[in-house]
Amino acid sequence: MTRTLSYVQAFNEAVRQEMAADDNVFCAGEDIGAFGGVFQTYAGLQKQFGERRVVDTPISEQAIIGLGVGAAVTGLRPIVDIMFMDFICVAFDQIVNQAAKLKYMFGGSATIPLTITTGGGGGLSAAAQHSQSLEALLCHIPGLKVVHPSNPYDMKGLMTACIRENNPTIMIKHKRLLGMQGPVPEESYEVPLGVANVLRQGTDVTVVGWGRMVNEALAVANKLADDGIDVEVIDPRTLQPLDTATIVESVKKTNRVIVVHEAVRFGGLGAEIAAQIQEEAFDYLDAPVGRIAAPFSPVPFAPVLEQAYLPSAADIEAKIRAIIARPGA
Amino acid sequence: MTRTLSYVQAFNEAVRQEMAADDNVFCAGEDIGAFGGVFQTYAGLQKQFGERRVVDTPISEQAIIGLGVGAAVTGLRPIVDIMFMDFICVAFDQIVNQAAKLKYMFGGSATIPLTITTGGGGGLSAAAQHSQSLEALLCHIPGLKVVHPSNPYDMKGLMTACIRENNPTIMIKHKRLLGMQGPVPEESYEVPLGVANVLRQGTDVTVVGWGRMVNEALAVANKLADDGIDVEVIDPRTLQPLDTATIVESVKKTNRVIVVHEAVRFGGLGAEIAAQIQEEAFDYLDAPVGRIAAPFSPVPFAPVLEQAYLPSAADIEAKIRAIIARPGA
Amino acid sequence: AAGKLAEAAKLPGFLHLYVGQEAVAAGVCATLSDTDQITSTHRGHGHLVAKGGQFNEMMAELMGKATGYCKGKGGSMHISNLAVGMLGANGIVGAGAPIAVGAAFANKYKDNGNVSAAFFGDGSTNIGAFHEAANMACALRLPILFICENNEYGEFTPRNKTMAITDIVDRAAGYGMPGVIVDGMDVVAVHEAAVEAAARARRGEGPSLIEAKTYRFYNHHGIQNLGLKYRADDEVAMWRERDPIFTFEDRLINARSATRSDFDDVWAELRADIAASIEFAEASPFPTPDQLLADVYTVMPANVMAATAS
Amino acid sequence: AAGKLAEAAKLPGFLHLYVGQEAVAAGVCATLSDTDQITSTHRGHGHLVAKGGQFNEMMAELMGKATGYCKGKGGSMHISNLAVGMLGANGIVGAGAPIAVGAAFANKYKDNGNVSAAFFGDGSTNIGAFHEAANMACALRLPILFICENNEYGEFTPRNKTMAITDIVDRAAGYGMPGVIVDGMDVVAVHEAAVEAAARARRGEGPSLIEAKTYRFYNHHGIQNLGLKYRADDEVAMWRERDPIFTFEDRLINARSATRSDFDDVWAELRADIAASIEFAEASPFPTPDQLLADVYTVMPANVMAATAS
Ligand SMILES: Cc1ncc(C[n+]2csc(CCOP(=O)(O)OP(=O)(O)O)c2C)c(N)n1
Ligand SMILES: Cc1ncc(C[n+]2csc(CCOP(=O)(O)OP(=O)(O)O)c2C)c(N)n1
Ligand SMILES: [Mg+2]
Ligand SMILES: [Mg+2]
């Protein structure tokens, strides 16, 4: 049975169902227990499963991740929450040097079924330390898997897959999508990690994006259809491992591609995607792989500045028109 | 007067001369005082300048960076050391959310003339937590500048420039180059930040690399000259801001380019360089921008595995021969 | 000074209000000069005002205006005014303390007789950065005051869920510094403790920890936040009884050092200042988009600009 | 067990030797079972052996052989053996403690009666991860032992330069756990303290901190390291006088519970085991390059492989 749920409710339902199915699953994080989390993503879970399984922790991001790593390596299936994505920096050693590397350093003897959840993205005037999109930092680290759903359906399916995954995963919730409504099946299901989603078929140009940006891209694509511009829109959904094959296949058809993300352009994931596309579809490209991303600055507080900072539908439309206009090879 | 100095001595001399010239310059880090640093990069400085200006700190990377940020914003010119680059993860919040963003968050009122020095790179069987090349993480962060010298001359000049720079800089010392000898002028000088160095002029293919890898590339280039393959070798020296113009100019001449680095390939700086090249020299490229980098795994301990892991001269030569062989447009 | 802080309650939007804790910032900053420095937290307005920040520039910043202390780039969580030694609110819990340690280091290095003070909450003492800062300051014997505002909650979680101790001062001995508990609702008590700690620091005897027992009257941020309940009404009421400003007023009046009408004047003036600052802020222009890339670096490198242009 | 640890001194290459501190790992681990867990440090051989690790697999790992505990991928700084609850040496100072907290959480969660123990050095208590781990363990009342091996130095820097306290136990009260100082050169004293702390943890009464005053006989890593001097000869000599193994032997002999020849047998056996392990390790094959990408994930994703092939 499919009903309409919000992005937050879809997340919450995935956790609830997995906790009900497996006693080894528990949650820990700041304010997630009695309060349900500052974004209410964990709402009601402590009431249902008790303080044993839904744990309010001190403000100690390093120990929160360490708690997850240690519990995972000794047989549990932890879900630990880092309130804002910016705060992964505080726990970066435990994520990058411990969670990601333990299995390898131990010659494979360890298994780390750990899920880290966090809220990313801008658009709330939350300024430089509460608005970042840092997925590129995590995708560069062998041993981690990174997902970033753009809608309630993918949220539930990806979160379920993360919890069941036997390697450390990071679930990035976009703060601006928390209230987004969409159809979500009641029964539990997985959206497999590493499989992109072609949101719209098109022949003229491919746009790759994730999180809030891919929804912007889809809206622009539907609008441009009236002008006879046929845009293919791809949401990788999982950023690491990245489903390059689906993207490359699309580019071989459209011969033009744009990657859009909220993160800073320099060193963003768009760079890796562009590099891989030109490596694997060089002879098919009629134009350079385009990138739309944030400029090289911290996220500003003032709404006027933040609007100028974040990529917009207008930026996407302009870039699509420009790349279409470029004479091909 | 120019003499031969090691990479470490060149670093040490730059710090010594700047400390002698400016009392606001001081150094702080673990074991750098009485002991001179585990790599002896700070050898003799405490003896010369005293405990006031060369400070042994507790094992507290977050507080070490914070000490630098707070002292910089109140008028000093700190040099703080993070022993191994892998440990920047422990202090990542202070680097990424504080040092890099303070000026912007304060509307420009703060000035942060902070230099962070650290030892990066593999090749010492130091395993997964003491061998990483994490420059891509730092180059993605607006507000930071990142340098990584490949020889003693650049080391002294870049370190001098970092100390005099009024924005946070990160000086990456390559652990395998510490003993490298080379000519270094006695008088102090700057190698300007953001200016690449064309180590070898060539017409057939451009190879971009830094740290130990660019030296490997240069050796390969000189060897291939005998086979009539004329390779241009570029060392950006500064990784952020990156001197894209010099690279693009070269590519417009050679029409073929390879980027080589020790860091993991996925999301490495090579991706950004490849993305920028295809954006700015698309019509000049006769082949996809090539990348030579580490595979997607932590750095292994066993020498046999680490050798297989790190890019080698053989890899560079093979890639050059392959890209030359590819029929152009 | 304490009186001034009452204005916090009038700020618009999503903010971490300082109301209820005014006696702490006021009592501490009253013994600091403009050349002494403080680092603040996400709850920074009170610290800014107590340290000598002006309403106009503060209000403008909170509204994201170009005339604000941070030109609208920082907002509430990054509000700062280096001119009066306010080294910034901070959006990262615990991150201010190491920066205050750096300021203290610079003061000792220059031997300028200045001290720095790090303000932080009870919950913040559970994070690593606080620990490293406290230990380093003691190891290097730096002139610094660690001011813990223990309001018994970190966001929506009570202290007893996140630590097994009741008093934060129990942590002082682990670093080798003295620690005292003061009534954070009593501006005089706070001030006396701060005077002693500052004098000690200026004498070169190193750091001190002051734990001020206090309470925040409004929600973690904003007035109502999500409206969810996590504190007992009578607990809030009990603390509101002890409002640091009104109790201080009564005390002065009873001591005959001031009259009710004196305070009426102060409040009137205050309300006028606040009204004026709101007017100033509202009349101020927003920053223009061309300011987006200003202030990332002292000078924006040309190649960054180039790589940035989408 | 203590005797066994003497082998550390015979390991080749660049290693953080445990020699001198054997009584600590031996005394603590003697009260732990294979289902209890420990986390170790960069100085991990002693902990591994004391927890029941075998010489052969350890020696092979130190030589980077495929037959090692980590198939040659971890080496000295990441040596581990989950089968006996040794959750790994760690190259990052302080990083082991939060992981031990996680193991303790799992034990309490499963109510399996097991405890975990985190070993760390004096210098490591200055890093944030230690602080967060200690506080969280106390806040959640977890069954864990915090074992500080205070050898008075962090690398080449004496304790008094990096902290203003002399005894690490002074930090225990700040978390709300008991702390005791024991003679780290006396395996019996260490053992008695560990037995009590473990019993307390198993009774559900939460964490304890044990500070063992000890000393490392060799250099920070290797025997000579850079050969630079940072400790007084007579200081080293004084501590060597108190060698935890030889003093323990003498004690047993004086108590008539053992004879010199008993120990001669133990040492002979030990030397034989070590010689055998070196033979085993040397005879073992190196890992093959095709193993490079194994063990990054449980199953290497196809698209990662693709993107990886240069
Ligand atoms: C590293 C980090 N973790 C979590 C948060 C979210 N957060 C903001 S304020 C706060 C509570 C802080 O509690 P306390 O230190 O007692 O200060 P109070 O809000 O009570 O004044 C938390 C958890 C943050 N900003 N930074
Ligand atoms: C985060 C981090 N900082 C610095 C180091 C370098 N380092 C390795 S061991 C060590 C000293 C540790 O001292 P202590 O905790 O007393 O242990 P000991 O070596 O004395 O046994 C240091 C600084 C590291 N490995 N990790
Ligand atoms: Mg609080
Ligand atoms: Mg030690």
Side-chain angles (χ1 to χ4, degrees), chain B residues 23-24 26 28 52-53 55-76 78 90-91 93-94 97-98 100-113 142-143 145 165-168 193-194 238 240-246 272 276 279-280, chain C residues 37 39 61 66 68-75 77-83 85 87-88 90-92 94-110 114 116 128-129 131-137 139-140 287 293-304 306-307:
Chain B
D23 184 67
N24 286 331
F26 75 95
R52 168 174 170 266
R53 298 185 64 192
V55 182
D56 279 315
T57 67
I59 307 169
S60 308
E61 279 75 11
Q62 294 188 74
I64 289 169
I65 301 296
L67 178 80
V69 173
V73 82
T74 51
L76 297 184
V90 181
D93 173 69
Q94 284 289 326
N97 289 331
Q98 310 301 328
K101 296 178 169 55
L102 227 57
K103 181 179 194 60
Y104 191 81
M105 295 188 300
F106 292 2
S109 61
T111 305
I112 320 279
K145 295 189 178 186
E165 167 70 27
N166 285 328
N167 297 287
L193 302 183
T238 302
Q240 185 61 272
L242 183 71
D243 184 357
T244 309
T246 297
E272 177 63 32
Q276 287 193 36
E279 278 157 5
E280 300 186 30
Chain C
Q37 307 92 352
T39 58
E61 186 58 35
Y69 273 125
C70 309
K71 301 185 196 163
K73 288 173 178 173
M77 272 193 292
H78 307 297
I79 200 147
S80 58
N81 178 6
L82 301 189
L87 303 187
N90 207 307
I92 304 295
I99 295 169
V101 169
F105 178 89
N107 291 332
K108 181 177 181 181
Y109 189 90
K110 298 176 193 165
N114 294 330
S116 67
H131 175 72
E132 295 188 7
N135 181 70
M136 189 175 289
L140 302 181
L293 293 182
D295 306 320
V296 179
Y297 296 98
T298 49
V299 180
M300 181 57 101
N303 29 15
V304 170

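Chain naming here is simple, since letters A, B, ... match the order of the sequence lines and numbering starts at 1 in each.
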Please look at B:Glu61 and chain C and tell me whether the side chain, the backbone, both or neither of the residue comes under 4.5 angstrom of a heavy atom of that chain.
-> backbone
For residues 94-106 of chain C, which side-chain donor-acceptor pairs fall under 3.5 Å, sequence neighbours excluded?
none

Output, in order, the C-alpha distance, side-chain angles, deciding distance and verdict of side-chain contact (heavy atoms from CB on, under 4.5 Å) for B:Thr74 and C:Asn107.
-> CA-CA 8 Å; B:Thr74 51; C:Asn107 291 332; 5.6 Å; no
Sort B:Ser109 into side chain, backbone, both or neither according to what part of it lies under 4.5 angstrom from a heavy atom of chain C.
-> both
Would you mind checking which part of B:Asn97 comes under 4.5 Å of any heavy atom in chain C, side chain (CB onward), backbone (N, CA, C, O), both or neither?
-> side chain
Under the 3.5 angstrom rule, does the side chain of C:Asp295 hit a backbone N or O of B:Phe106 as a donor-acceptor pair?
-> no
Got C:Ile92 and B:Gln94 here, is their nearest side-chain heavy-atom distance under 4.5 Å?
-> no
When the 4.5 angstrom heavy-atom criterion is applied to B:Ala72 and chain C, the contacting part is neither
Chain C contact via B:Asp56 - side chain, backbone, both or neither, heavy atoms under 4.5 Å = backbone
Under 4.5 Å to a heavy atom of chain B? For C:Leu87 that would be both
What part of B:Ile65 gets closer than 4.5 Å to chain C, counting heavy atoms only: side chain, backbone, both or neither?
-> neither
Interchain contact, C:Leu140 with chain B, by part (heavy-atom threshold 4.5 Å) = side chain
